[in-house]
Peer 1: 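My questions will all concern the structure given below.
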Amino acid sequence: MSGFAWAAFAFNLAWSAVAALGVMLVTFAVALRKGVHRVVDVAWGLGFTAVAAVSCVVSAGAGDPGRRILVTLLTALWGVRLAAHIARRGRGHGEDQRYETLLSKAPGSQNLYALRVVYLLQGALVWLVSLPVQAAQYIPGPMTGVAVAGTCLWALGLFFETVGDAQLARFKADPAHQGRIMDRGLWRYTRHPNYFGDFCVWWGLFLITCDSLAAAAVSLVSPVVMSLLLIKGSGNRLLEQHMAERPGYAAYAERTSGFFPLPPR
């Protein structure tokens, strides 16, 4: 389809940057008040939700209303669920070990270092990764089968994230499982069902933009960057290193796929 509104999209990019930055600066203020920077993990999903909402408002009248509402709702549902899950998981805990390790290397004020390398960086990533959500708002014409397939892939991703997180939470809540490795449910087929779910969510949102060659071209960087973060990113590496110290993890890793769900070996 032709007719992609480049000028309006550029205007949207500016407003979405303001939204992402605003969420991160507010979160930084909350972190200073609480004395822990782990709250930025909650802001990750909320940042995408804010960008989607601002893009939907700014793009009013520019694209197909059905597509605009769809991508906004899909992003908000994913973002709010993720934020709520991380908030519940971190309630009552101190600083995350990842941030303690990172901030111990700060060449000066730890808070200013955190602002630069955590909050501003994550705000930039939110803006970059959300390009499909922004571009989809400006695609004219109704959705095709490719966009429907993208919605189905998004739903698969949300299923893996939601079910995987719930299974792990129930497993950890049982005192009998203290020190044991979670290898049941979706965790039997992949060591990271939540990361795989994120992968599907963002490739699904990208497919919704593929009704427009221009929108797809400007958005492709989003799922590629997200895939690299999920598969090769620091969070994955640090988690694997931490889990490797637990008894039985080596055997679990040997028989279980590291990312894509596969039958146990």
Side-chain angles (χ1 to χ4, degrees), residues 38-46 48 74-75 77-101 122 125 129 150-206 223-265:
R38 69 182 303 150
V39 295
V40 72
D41 294 338
V42 178
W44 178 250
L46 297 181
F48 285 103
L74 294 185
T75 306
L77 179 58
W78 171 82
V80 171
R81 188 215 72 86
L82 180 62
H85 167 70
I86 293 176
R88 285 194 301 268
R89 188 181 65 188
R91 187 178 297 125
H93 294 279
E95 186 63 278
D96 190 293
Q97 183 179 357
R98 294 172 300 156
Y99 297 121
E100 286 185 344
T101 301
Q122 289 206 26
L125 285 172
V129 173
T151 305
C152 293
L153 183 58
W154 175 92
L156 175 66
L158 189 68
F159 169 82
F160 263 82
E161 283 195 63
T162 304
V163 174
D165 286 341
Q167 290 174 341
L168 182 60
R170 286 197 299 269
F171 182 84
K172 287 184 173 181
D174 189 340
H177 296 152
Q178 182 71 29
R180 293 180 58 185
I181 299 298
M182 170 55 161
D183 60 355
R184 307 173 184 181
L186 296 179
W187 300 83
R188 183 170 181 261
Y189 304 99
T190 168
R191 301 200 298 273
H192 302 287
N194 47 352
Y195 289 176
F196 173 72
D198 259 358
F199 174 89
C200 293
V201 161
W202 286 100
W203 279 104
L205 289 170
F206 168 73
V224 171
V225 168
M226 181 60 91
S227 298
L228 291 174
L229 289 173
L230 293 168
I231 299 173
K232 300 294 185 180
S234 60
N236 194 342
R237 291 199 308 271
L238 289 174
L239 179 60
E240 291 277 347
Q241 291 170 6
H242 174 70
M243 294 297 294
E245 301 172 359
R246 292 193 179 184
Y249 188 78
Y252 171 65
E254 179 67 24
R255 67 177 181 269
T256 309
S257 170
F259 192 78
F260 295 102
L262 295 171
R265 292 185 287 271

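No experiment lies behind these values; they were computed from the predicted model shown. Numbers here are sequence positions counted from 1.
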Peer 1: Looking only at heavy atoms, what is the nearest atom pair of I181 and P247, with distance?
Peer 2: CG1-O, 3.7 Å
Peer 1: Once salt bridge (Lys or Arg N to Asp or Glu O under 4.0 Å) is applied, what residue pairs with a partner in residues 83-95 remain, sequence neighbours excluded?
Peer 2: none
Peer 1: So which heavy atom on F171 is nearest to which on H177, and how close?
Peer 2: O-ND1, 2.9 Å
Peer 1: Quick one: pull up OG1 in T162 and CG in L77 and give me the separation to the nearest 0.5 Å.
Peer 2: 7.5 Å
Peer 1: Using the test ring-ring contact (aromatic ring centres under 6.0 Å, His included), find all partners of F48 that sit at least two apart in sequence or belong to another chain.
Peer 2: W44, W78, W202
Peer 1: Is any side-chain heavy atom of F206 closer than 4.5 Å to a side-chain heavy atom of V224?
Peer 2: no
Peer 1: What pair of heavy atoms forms the shortest contact from A173 to P175, and how long is it?
Peer 2: O-CD, 3.3 Å
Peer 1: State, to 0.1 Å, how close F199 and L230 come at their nearest heavy-atom pair, and which atoms those are.
Peer 2: N-CD1, 3.4 Å
Peer 1: Checking D41 against R98 for the side chain to side chain contact (heavy atoms under 4.5 Å, CB included) test, could you report, in this order, the C-alpha distance in whole Å, the side-chain angles of both residues, the deciding distance, and whether it holds?
Peer 2: CA-CA 11 Å; D41 294 338; R98 294 172 300 156; 2.6 Å; yes
Peer 1: Who pairs with Y189 by side-chain hydrogen bond (donor to acceptor under 3.5 Å, both in side chains), at least two apart in sequence or on another chain?
Peer 2: none
Peer 1: CD of E100: more than 12 outside heavy atoms within 6.0 angstrom?
Peer 2: yes
Peer 1: Just verifying a value: how many Å separate D198 CG and L229 CG, rounded to the nearest 0.5 Å?
Peer 2: 10.0 Å
Peer 1: Which residue pairs pass the salt bridge (Lys or Arg N to Asp or Glu O under 4.0 Å) test when at least one of the two sits in residues 162-179, sequence neighbours left out?
Peer 2: R81-D165
Peer 1: Show me the side-chain donor-acceptor pairs of residues 248-265 shorter than 3.5 Å, one per line, residues at least two apart or across chains.
Peer 2:
| unit_1 | atom_1 | unit_2 | atom_2 | d |
| --- | --- | --- | --- | --- |
| Y249 | OH | E240 | OE1 | 2.7 |
| Y249 | OH | E240 | OE2 | 3.3 |
| Y252 | OH | W187 | O | 2.6 |
| R255 | NH1 | A251 | O | 3.4 |
| R255 | NH2 | D183 | OD2 | 2.8 |
| T256 | OG1 | Y252 | O | 2.9 |
| S257 | OG | F259 | N | 3.4 |
| S257 | OG | F260 | O | 2.4 |
| R265 | NE | E254 | O | 2.8 |
| R265 | NH2 | A253 | O | 3.3 |
| R265 | NH2 | E254 | O | 2.7 |

Peer 1: So which atom in G164 and which in P193 form the shortest heavy-atom distance, rounded to 0.1 Å?
Peer 2: CA-CG, 4.3 Å
Peer 1: Parallel, tilted or perpendicular, judged at 30° and 60°: which one describes the rings of H192 and Y195?
Peer 2: parallel
Peer 1: Restricting to side-chain contact (heavy atoms from CB on, under 4.5 Å), what partner residues turn up for V163, sequence neighbours left out?
Peer 2: F159, Q167, L186
Peer 1: What distance do L74 atom CG and T151 atom OG1 have between them, rounded to the nearest 0.5 Å?
Peer 2: 6.0 Å
